[in-house]
2 protein chains.
Amino acid sequence: MKKRVVPGHVLATEIPDVVIQRLPLYQRTLSLMSKEGVEVVSSFRLGELLGSTPAQIRKDLSYFGRFGKQGTGYDVSYLADRVKQILGLEKEWPMALVGVGRLGQAIARYPGFAAAGFRIVALFDTDPEKVGKRVEGIAIQSVEEMPQALKAEDIQIAILAVPADRAQPVTDLLLEGGVKAILNYAPISLLRVPPDIVVRSIDPVLVLQSMTFYLNSY
Amino acid sequence: MKKRVVPGHVLATEIPDVVIQRLPLYQRTLSLMSKEGVEVVSSFRLGELLGSTPAQIRKDLSYFGRFGKQGTGYDVSYLADRVKQILGLEKEWPMALVGVGRLGQAIARYPGFAAAGFRIVALFDTDPEKVGKRVEGIAIQSVEEMPQALKAEDIQIAILAVPADRAQPVTDLLLEGGVKAILNYAPISLLRVPPDIVVRSIDPVLVLQSMTFYLNSY
DNA sequence: CACTGTGAATTGGTTCACAGCC
DNA sequence: GGCTGTGAACCAATTCACAGTG
């Protein structure tokens, strides 16, 4: 639960995960500013836009290098590019989606992934009824074929949208296929994976359930 | 960005937000165990099931009271109930959904919310084409009517599924309508709200973009 | 002179370790 | 004996504050 393994081609060890999680937010705002023609930004201004502090932003960036100019700030488009590079967002990432039920179909049809360079290139489902059908032009394959298919296409990222009780066995097959990162939508407490595999879960119900604590429920 | 206000009917002040965010996970596992007939659980066992440590679980629970029995552990169904109560999950929560586009419709149709006691009772959209149409039996209302409609139904929670550039103005209207908690799906960096309003964002693209850092992108 | 980059100080969260109890 | 509950010790993350620089 605690330790992750970092590839670290730029001696990336020891960078806190919270920092990594903030970078995409920085990246998005920087790209937007760049598109709007803003050329320079200070950590102070960036903090305002992101709801963060100048110190936090400077410290975060300092893990990766020295990107700013004293007295001036940061070159927006340069910094946007560097952060993109740090995150590995300069290439397109092919992804697999497992579970083509209601939720899975919504995910398959969501244009936001492709817009950010994440392309769903393979669909899998257990239901024989669904296998062979197409969604967004992609044929649904059987989960049994998954390990080979994943290897063949060299897919490292998978989105999991299966029922909770199928999540672990399907995960095992994903790992067999060489997947290294899983975005999990299944409402399961714990997905068992080796320590070098990244798992992140999205569960809106859990989020709602923590928000109600702060509401007056008298 | 840092401070939140806690209602605190049980002197809830000073409870870290991370703790609150873990409680729903505990609750889910406990309810499941209870349904399976498990009567007693130790912090050690619970930690195994949740991918957490015994100390973490005991410490978390100790913020709210003493629920266990030394030498034995916790009564599963009792603890499940208590955590539910702490989180305010004993009542049904009516919710509004703003933005009935592709994503919004998927959310409206997702059965998981209602199953957890979160019922979408009002839909809003700006598009005059959509106003009046029904989704899941609920008529879509105009965003202009929102503040009054929210007050009339005493809705405290809203789900935001509008385009990024509409997020802030729509949020302002939600606040005008008395909404206290917002689950935000819009890909926006910062939603400006007063400090007593809870906002949580769900953005799968950001999650993917942070995962790629850990992949070999050579 | 206005900003960055960064050690040092501080704050916040987790884990330890043990006293107390069933 | 086996477990909880909890201060104390530890570790991690944020913020401070200032030296260094274009």
Side-chain angles (χ1 to χ4, degrees), chain A residues 1-4 6 10-23 25-26 30 33 38-76 78-80 82-83 86 210 213, chain B residues 1-6 10-23 25-26 30 33 38-76 78-80 82-83 86 210:
Chain A
M1 202 215 184
K2 208 78 294 158
K3 283 281 123 276
R4 327 155 274 93
V6 167
V10 204
L11 356 168
T13 334
E14 299 318 315
I15 296 168
D17 193 71
V18 269
V19 172
I20 303 302
Q21 295 190 40
R22 281 191 292 263
L23 292 185
L25 213 57
Y26 298 174
L30 288 164
M33 293 178 83
V38 183
E39 290 184 354
V40 169
V41 70
S42 66
S43 60
F44 183 86
R45 178 67 185 136
L46 247 191
E48 279 184 341
L49 294 170
L50 291 164
S52 179
T53 64
Q56 170 105 266
I57 289 167
R58 292 203 303 274
K59 178 67 98 178
D60 283 357
L61 294 175
S62 77
Y63 282 104
F64 305 97
R66 314 171 57 146
F67 306 121
K69 276 198 192 21
Q70 280 110 324
T72 313
Y74 300 90
D75 180 294
V76 172
Y78 172 71
L79 185 57
R82 293 307 309 270
V83 176
I86 291 162
S210 69
F213 176 79
Chain B
M1 205 219 180
K2 207 78 294 159
K3 281 282 124 274
R4 323 154 279 93
V5 170
V6 167
V10 203
L11 351 171
T13 333
E14 299 318 314
I15 297 167
D17 194 72
V18 268
V19 173
I20 304 301
Q21 295 190 39
R22 282 191 291 263
L23 291 186
L25 213 57
Y26 297 175
L30 288 165
M33 293 178 83
V38 183
E39 289 183 355
V40 168
V41 70
S42 65
S43 60
F44 183 86
R45 178 69 184 133
L46 205 45
E48 280 185 340
L49 294 170
L50 290 163
S52 178
T53 65
Q56 172 103 266
I57 288 167
R58 294 203 303 274
K59 178 65 98 178
D60 282 356
L61 294 174
S62 77
Y63 282 104
F64 305 97
R66 314 172 56 145
F67 306 122
K69 277 198 190 26
Q70 280 109 326
T72 313
Y74 301 89
D75 180 294
V76 172
Y78 172 71
L79 185 57
R82 292 308 308 271
V83 176
I86 291 162
S210 69

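So you know, we letter chains A, B, ... as the sequences are listed, proteins then strands, and number each from 1. Here the structure is a predicted model, which means the values were calculated and not measured.
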Checklist entry - With a 4.5 Å heavy-atom cut-off, do F64(A) and V19(A) have their side chains touching? => result yes
Checklist entry - Distance check: side-chain N/O of S42(A) vs OP1/OP2 of dC3(C), anything under 4.0 Å? => result no
Checklist entry - CG of D60(B) to OG of S52(B): how many Å apart, nearest 0.5 Å? => result 7.0 Å
Checklist entry - Can you tell me how far CD1 of I86(A) sits from OH of Y26(A), rounded to the nearest 0.5 angstrom? => result 11.5 Å
Checklist entry - Between dT15(C), dT6(C), dC3(D), which nucleotide has the shortest distance from any of its atoms to the side chain of S62(A)? => result dT6(C)
Checklist entry - Between dG5(C) atom P and L61(A) atom CG, what is the distance in whole Å? => result 7 Å
Item to check | Spacing between D17(B) atom CG and dG13(C) atom P, to the nearest angstrom | outcome: 9 Å
Checklist entry - What's the closest nucleotide to the Y74(A) side chain, out of dT14(D), dT4(C), dT14(C)? => result dT4(C)
Next on the checklist: Whole angstroms only, please: what is the NZ-C1' distance between K69(A) and dT4(C)?
Outcome noted: 11 Å
Next on the checklist: Could you report the tightest heavy-atom contact between E14(B) and Y63(B), atom names first, then the distance?
Outcome noted: O-CE2, 4.4 Å
Checklist outcome for this item: Here the pair of heavy atoms bringing A80(A) nearest to L30(A) is CB-CB, 3.8 Å
Next on the checklist: Below the 4.0 Å mark, does dC22(C) have OP1 or OP2 next to a side-chain nitrogen or oxygen of T72(B)?
Outcome noted: no
Next on the checklist: Nearest whole Å is fine: how far is dC22(C) C1' from D75(B) CG?
Outcome noted: 15 Å
Checklist entry - Taking atom P of dT6(C) as reference, at what distance in whole Å does atom CD of E14(A) sit? => result 17 Å
Checklist entry - When all nucleic acid strands are considered with a 4.0 Å heavy-atom cut-off, which category describes F67(A): base, sugar-phosphate, or nothing? => result sugar-phosphate
Checklist entry - Going by modelled atom types, is there a donor-acceptor pair between the base of dG5(D) and the side chain of R66(B) at under 3.5 Å? => result no
Item to check | Whole-Å distance separating the CZ atom of R45(B) from the C1' atom of dT4(D) | outcome: 18 Å
Checklist entry - Which of these nucleotides, dT15(D), dG13(C), dA8(D), is closest to any side-chain atom of K59(B)? => result dA8(D)
Checklist entry - Quick one: R58(B) CZ to dC16(C) C1', roughly how many Å, whole number? => result 10 Å
Checklist outcome for this item: I57(B) CD1 to dT15(C) P, in whole Å, measures 11 Å
Checklist entry - Start at the 5' end of DNA chain D and walk down; is the nucleotide closest to Q70(A) or to Y63(A) reached first? => result Y63(A)
